[in-house]
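Have a look at the structure below, then the notes.
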Amino acid sequence: MTEMAKLLIIDDEEGIRKVLTVSLASDGYDVLAAARGEEGIEIFKKESPSIVLTDIKMPGMDGIEALKQIKTLNPDAEVIMITGHGDMDSAIEALKLDASDFLNKPIKAEALAVALKRAEERIAIRKKLKAYTDDLENMVRMATEEVKRRSDFQNKLITSSNDAIIATDEKGDIVIYNNGAARIFGYPRSEIIRKMNIDSLYPQAIASEFRTGLKRRGDVDLSEWREVAIVAKDGEVVPTRFSGFILYGEDEVMGSVGFFRDLREIKRLQQELIKSERLAATGQTVAGVAHYVKNILFGLKGGVYLVNLGLKENEADSLKTGWDMLERNMGRISDLVLDLLEYSRERKPEYEKCSPNAIANEVCGLMEASAKEYGIEIIRDFDPSMREVLLDPKGIHRCLLNLVSNAIDACLFDPSEEKKWVVRVKTIFENDGTVRFEVSDNGSGMDEEVEKKLFTSFFSTKEGRGTGLGLLNTQKIVQEHGGTIAVNSQPGKGSTFTIRLPYRNGPTQGATAKGGHQS
Amino acid sequence: MKKVLIVDDDVDVTTLVSKLVERSGYKAMVAKNGVEGMDKVREDKPDLIILDILMPKESGIRMYRELKTDDPLKDIPVIILSAIAKRSFFRSQKVLDEFAGQSVPEPEAYIEKPEEPEELIELMKKILG
């Protein structure tokens, strides 16, 4: 004890006051003394001693009353009551008022020492306890701050994500909805948090998977990234990449979280890339087109020469031959212009309900006459289980016409003398949501060199007869339709061109209705 | 009547040149590529060949070398009529000569397309007399 403990004695007997004061002061206490209860309270208020010794029986304010007031002023004060022999009632009363100890008169030195020691111990324990409590409060405050800091950090993490992060509670109500989500879904936070749920915000297919996952543990795995089209507030269909998780606590489902990445920009860039590739191809081969135009010019020039000759000499034969040449070359110009226009034009597929077999049949019918002229047979090999689907019939017609006419050319270019040439047009209704068209021939086929150049430039093997745009246009239409085109060819054996087109099932053309459309 | 073989895959060219050949008083024959061309040469022994370079199946360059290294055929005069620049053709000949280790004589004439009809007629007359 570095500081002297203050001790207050309240007793109306001067002798007792004096003896106690002297003996306690010599024990190291800073002793205060009062002769009356009222006086003792005043001193207590001023000096706030930690230990009080008070007589019970006093004129005026007695010890019980003093105890009461002291405990009101400071409940921690150690108050030791000095009682006469057999004053049981007062003792009980004092105990009720939380007196610390009792000393019987006459006060014995040992009893006083024990009582004071116990009081000191209680004070010390209380001090320690207070320190612990203070410490604990401090620690709790610090821990709370840390938790808050971490939660802030995690909140910022979620908020600053460019991707949409959307979390729900175990009931499927949305509780976290970051800025990225607002950008993709278009709803402000205020319209979402605890107001919308999985079913009202997510496409139906994902929503039902989440529902299943929230209901039962371990049944659903949404974690694999997949492309999902979501419908924003304004009705825009936004392409996204999505991945989701069901969140589990110790033993129960806590909620769900979904991550969505905006693919609009990527899709736009892809479109742009296709466009710029096409522009580059156009640029590269302006020379090729120029060469082709030059050939046409020669033809026109020759035709004009012959017509002039026929006119000058009045010779019908030259006139006729020259005129035919002029006509033929005008036809070539018009083909070229149409092909170029088709190639440079951006075109969206026009979806209509149609029968792929009917389109293929029409194309076969168109080409049959000229094929027969060259001794080439066209075989129809159509899938009888083909259904009517939503596709772009005009685009498909053009593609098939192109491929069949190429196949016939491949037969014409074939040097073989004894082959029986066949062009086969096949349709297949696939189970994966696509329609497959195959056009194969047993004509000249291609070597690898030619196969490589096939789709890359205005490349033609037909020396003046082809613009080199036919296959590029076919590929363009197929790509705009979201499909693929592939070729398989062997020199001398023939080629097979395969087109796969995804068809739509929806009731109308145009934008897909809200729902689980996955592109 | 002297015979002129025209080897070209372009119908416009064969039509016009045939007409010019006939008007000059010769017989015109037509082949669409090098393979067909060599067959016709062996069969009909033309007095002059008017040969294109860029053709499917067998190019004019190959047919020309075949022709000029074939003893009984190598003396048939050849006029090359092509959209390929004269310079490119002669350079390719030089490279091929070195590669094959044999020297092939130059053609009687080389005309770049588009041909002037009068020029072609004059050339034919000069060669065939």
Side-chain angles (χ1 to χ4, degrees), chain A residues 287-288 290-310 312-313 315-333 374 409-417 443-447 450 459-466 491-492, chain B residues 6-25 27-28 30-40 43 50-63 66 80-86 88 111-122 124:
Chain A
H291 178 78
Y292 184 70
V293 170
K294 208 165 83 184
N295 275 338
I296 297 174
L297 264 177
F298 301 163
L300 288 172
K301 215 174 146 190
V304 168
Y305 177 83
L306 287 179
V307 168
N308 277 337
L309 202 71
K312 203 167 75 191
E313 300 183 1
E315 194 209 342
D317 187 42
S318 293
L319 211 55
K320 173 83 173 65
T321 318
W323 192 251
D324 284 349
M325 267 172 86
L326 289 178
E327 274 187 342
R328 190 164 58 239
N329 282 289
M330 274 161 60
R332 287 164 78 187
I333 291 177
Y374 297 116
D409 283 343
C411 295
L412 289 180
F413 270 75
D414 188 9
S416 162
E417 303 272 316
S444 60
M446 290 171 274
D447 55 31
V450 173
F459 171 77
S460 176
T461 54
K462 299 182 189 169
E463 243 328 287
R465 287 213 306 117
Chain B
I6 306 150
V7 189
D8 200 313
D9 63 316
D10 188 338
V11 191
D12 285 337
V13 174
T14 52
T15 311
L16 178 65
V17 176
S18 296
K19 198 87 197 164
L20 297 177
V21 167
E22 278 160 14
R23 279 181 54 83
S24 306
K27 181 175 161 44
V30 171
K32 286 204 295 289
N33 55 57
V35 176
E36 216 181 298
M38 281 311 290
D39 287 349
K40 284 249 163 79
E43 224 171 275
I50 297 176
L51 178 62
D52 183 26
I53 295 296
L54 290 176
M55 289 180 294
K57 273 188 207 174
E58 193 184 301
S59 79
I61 288 184
R62 217 159 115 205
M63 177 172 163
E66 227 179 303
I80 291 182
L81 174 61
S82 171
I84 286 187
K86 193 173 176 175
S88 311
I111 299 178
E112 283 181 25
K113 283 180 186 173
E115 67 286 358
E116 287 299 329
E118 311 308 338
E119 188 192 352
L120 192 61
I121 291 170
E122 256 175 54
M124 281 193 290

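From a predicted model like this one, the values you see are computed outputs, not experimental measurements. Quick note on labels: first sequence line is chain A, next is B, and so on, each numbered from 1.
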Rounded distance (nearest 0.5 Å) linking atom CG of B:L16 with atom CZ of A:F298: 12.0 Å

salt_bridge(A:R332, B:D12) N-O dist < 4.0 Å: yes

Results of side chain to side chain donor-acceptor pair (under 3.5 Å) for B:E112 - residues two or more places apart only: none

Non-hydrogen side-chain atoms of A:M325 and B:K19 separated by less than 4.5 Å: no

Max heavy-atom pair count under 4.5 Å with chain A, selected residue of B:E115, B:K113, B:E36: B:K113

Part of A:S318 within contact of chain B (heavy atom distance under 4.5 Å): both

Contacting moiety of A:N329, where chain B heavy atoms sit under 4.5 Å: side chain

Interatomic distance, A:Y305 atom OH to B:E116 atom CD [nearest 0.5 angstrom]: 9.5 Å

Residue part contacting chain A, namely of B:V11, when any heavy atom lies under 4.5 Å: both

Top of A:L297, A:T321, A:L309 for chain B proximity - count of heavy-atom pairs under 4.5 angstrom: A:L309

Part of A:L300 within contact of chain B (heavy atom distance under 4.5 Å): neither

